[in-house]
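Contents: one structure, followed by commentary.
Computed from a prediction, not measured in an experiment: that's the story for all the values here. Counting convention: from 1, in listed order, for ligands and their atoms alike.
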Amino acid sequence: QVENLKGKLLDQAQEVNRLHSELGGTDLEKHRDLLIAENEHLKQDMKSCEAELQKLKKQHVKCIDCEHIQENARLQERLAQLQLEVEEAKGRLSELDLEVQQKTNRLAEVELRLKDSLAEKAEEEERLSRRLRDSQETIASLKAQPQQIKYIIKTVEVESSKTKQALCETQSRNQYLQEQVGMQRQVLKEMEQQLQKSEKTAAQLRAQIMMYESELEQTHGQMLEEMQNMEDDKNRAIEEAFARAQVEMKAVHENLAGVRTNLLTLQPALRTLTNDYNSLKRQVRDFPLLLQEALRNAKAEIGQAIEEVNSTNRELLRKYRRELQLRKKCHNELVRLKGNIRVFGRVRPITKEDGEGPEAANSVTFDPDDDAILHLMHKGKQVSFELDKVFSPQATQQDVFQEVQALITSCIDGYNVCIFAYGQTGAGKTYTMEGTPENPGINQRALQLLFSEVQRKASDWGYTITVSVAEIYNEALRDLLGKEPQEKLDIKLCPDGSGQLYVPGLTEFQVRSVEDINKVFEFGHSNRVTEYTSLNEHSSRSHALLIVTVRGLDYSTGLRTTGKLNLVDLAGSERVGRSGAEGSRLREAQYINKSLSALGDVIYALRARQGHVPFRNSKLTYLLQDSLSGDSKTLMMVQVSPVEKNTSETLCSLKFAERVRSVELGPVSRRAELGSWSSQEHLEVTNQPRAAQPSIRTHSSPSSGTPLRRAGSFRRKLQTSG
Ligand code: ADP
Ligand code: MG
């Protein structure tokens, strides 16, 4: 057994030695160094390739945009790619290097341990062999001494078991070591495999590089070939061009000869051309002067033409203005012929307020053939009156307005207009002037008409319309649109010396629409209402004035016009009981009587063209002075109640009307100086009709057959009566 063991040990030692030599780190290191060297070599190769490439590039830098350059670029790209790959391979190689290093380290460790265990084993062996020798010696000595030997054998046997045990241990250790060696072998094998792999990749890389090199070479070859081709082409082209040039040159020489001969003939032509050119130059030099001359002439002609047009325009404008003036003059003449003071009568219908019975019976009749005649039954007698126009109870507000609208529009042309409503309280003055909301009177309709007219003329004229509302009560003028309606206003002469009158502080509202007018009227009414408890009572005792001013500008001529429309709802003309009235009622009556008489006087004086017109006798006439005089137009609307109980007042009103109207316009009438008359005086006349009274015609009956005598007969009467 010992022999066997020894043999085995020897084997193992040999094996270990072999392994040691096999596993020697030097091999791997050598391999690595080899790889590194190879790598280095490859790098150098690559560098030389790059250098060559560079050189090639330089050589072919001239050949721009040729296929080869593109090819080259492609190749370079690929080269860069390959370089990248090489770089990667290098990285991998270094990784592998690292791994090999690690493994070598581990191997060294294992070797060390192996050496240790071998040393141990050698030691053990030594020990065992020593003991064996001892044992053999003892066995020999024991053989010599059999007794002793038996004992010794026994001990040896005993000791042999111990040796056996130690052998077992050694075997197990050996086993362990063998296992270790197996493991190391495994590791070695793996490393070898890895090495093979990296060798393979290196070989691949080498092959790739070879491939690229060959490609490069190929490209280079192609490039060279191409260059050669191009060189050939160039040479060929040069040769061709040279040949062509020679041919052309020959032709040019021939031409030159022809041209030379031509030149000889052209010289005289050139001479004539030069002459022409010189003369043209002269002309061109003179041209601006000629042009200036022509321009001057043209300008002068145009200027003259413009001047002519201007003068024609001026002439036309002058004529237009003259025509305008003529028109105004004609209009004035027409108005003068027609009489610019007109008197209308309006009979209101019988209302519920008139009551019933004989007192409320109708006493007014009309002439079916003449709308200027009105008959009144008074105390059993029929009295007839002739006015400019009479409206029956059936006449509508529109009918009335129809007759006055020409008057109203004339204020747009710059005329002053006055429309008065005259008559006893309850005769319909307010109805005619203001009307009802659903059936408005002259005031609202007039303003509406003015608006539409102004709009119609808007392309040629610019107009502004302003409105003032005032009242005269007990000879005091009040502004109903003002902040202080109770304040009494004065009428003053304009300080500019024009002789015009004005009312300082009288409010003027500019109106642009019907809504504006309504607002103004409402405001005026509210001022009247807040101040007085019994509106009806008060309104019948005061004159209400609506003053509309129309200012116009003619865009074409710059002509400015101002027209005033005065719409006056007069105080009731009825007489206050002749006796019994006292205090404030008497004062009111006196004031009203005075102002209405003054109005009558003024109108009378105006129609009679008297030198002196007594405007200053009342506030009303003084205020309306410039709207009553000159070429102003006046309309007196005499309101009449048709019922029996009012006949005496009706008679008074109609007499007043006819008297105003019938003043003659001829030279005789102008001389006729009638004194001032009052409504009271009228009254007296009514009771005793006299033939001398110029305007009153009394008929015992309308059917008496006596035809009505018109203006002509009255004129005669007036003349005879003086
Ligand atoms: P005045 O202002 O003269 O005192 P009004 O205008 O107040 O008189 O009229 C008195 C009454 O008669 C009112 O109720 C009014 O509506 C009515 N009236 C007056 N004229 C007419 C007319 N033409 N048609 C219908 N009613 C009228
Ligand atoms: Mg009234």
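When Tyr422, Phe391, Tyr431 are checked for heavy-atom proximity to atom 27 (C) of ligand 1, Tyr431 turns out nearest.
Residue Ala395 has no nitrogen or oxygen atom sitting less than 3.5 Å from a nitrogen or oxygen atom of ligand 1, judged on distance alone. Between Lys429 and ligand 1, an N or O atom pair is found at a separation short of 3.5 Å. For the pair Thr430 and ligand 1, the shortest N or O to N or O distance falls below 3.5 Å. Any N or O atom pair closer than 3.5 Å counts here, and Gly426 shares at least one such pair with ligand 1.
Close approach of ligand 1 to Thr425 is summarised as follows: ligand atoms under 4.0 Å from at least one heavy atom of the residue are 4 (O). Of all atoms in ligand 1, listed by their number and element, those nearer than 4.0 Å to a heavy atom of Pro349 are 21 (C), 22 (C), 23 (N), 24 (N), 25 (C). Those atoms of ligand 1 that come under 4.0 Å of a heavy atom in Gln424, given as number and element, are 3 (O).
Within the structure, ligand 1 has Ala427 among the residues with a heavy atom less than 4.0 angstrom away. The closest approach between any non-hydrogen atom of Gln397 and ligand 1 is not below 4.0 Å. Between Met433 and ligand 1 there is no heavy-atom distance shorter than 4.0 Å.
Note that NZ of Lys488 is 10.5 Å distant from OH of Tyr473, once rounded to the nearest 0.5 Å. Put simply, CD on Gln510 and OG1 on Thr466 are 7.5 Å apart, with the number rounded to the nearest 0.5 Å. Taken to the nearest 0.5 Å, the CG atom of Leu567 stands 13.5 Å off from the CZ atom of Arg445.
In this structure Arg551 satisfies the salt bridge (Lys or Arg N to Asp or Glu O under 4.0 Å) test together with Glu508, sequence neighbours excluded.
The number of heavy-atom neighbours closer than 6.0 Å to CD of Glu484, taken from other residues, nucleotides and ligands shown, is 12 or below.
For Tyr431, every N, O or S atom stays at 2.8 Å or more from the Mg ion (ligand 2).
Between Lys429 and Asp569, none of the side-chain N atoms (NZ, or NE/NH1/NH2) sits under 4.0 Å from a carboxylate O, so this pair counts as no salt bridge.
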Start with the C-alpha distance between Lys519 and Glu522, add both sets of side-chain angles, then the distance that settles salt bridge (Lys or Arg N to Asp or Glu O under 4.0 Å), and finish with yes or no.
-> CA-CA 5 Å; Lys519 267 185 228 158; Glu522 257 172 48; over 6 Å; no
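Asp413 and Ser410 share no side-chain donor-acceptor pair at under 3.5 Å.
The aromatic rings of Tyr422 and Phe656 lie parallel to each other, with less than 30° between the two planes, well short of the 60° mark.
If you look at Gln639 next to ligand 1, there are no close heavy atoms at all, none under 4.0 Å.
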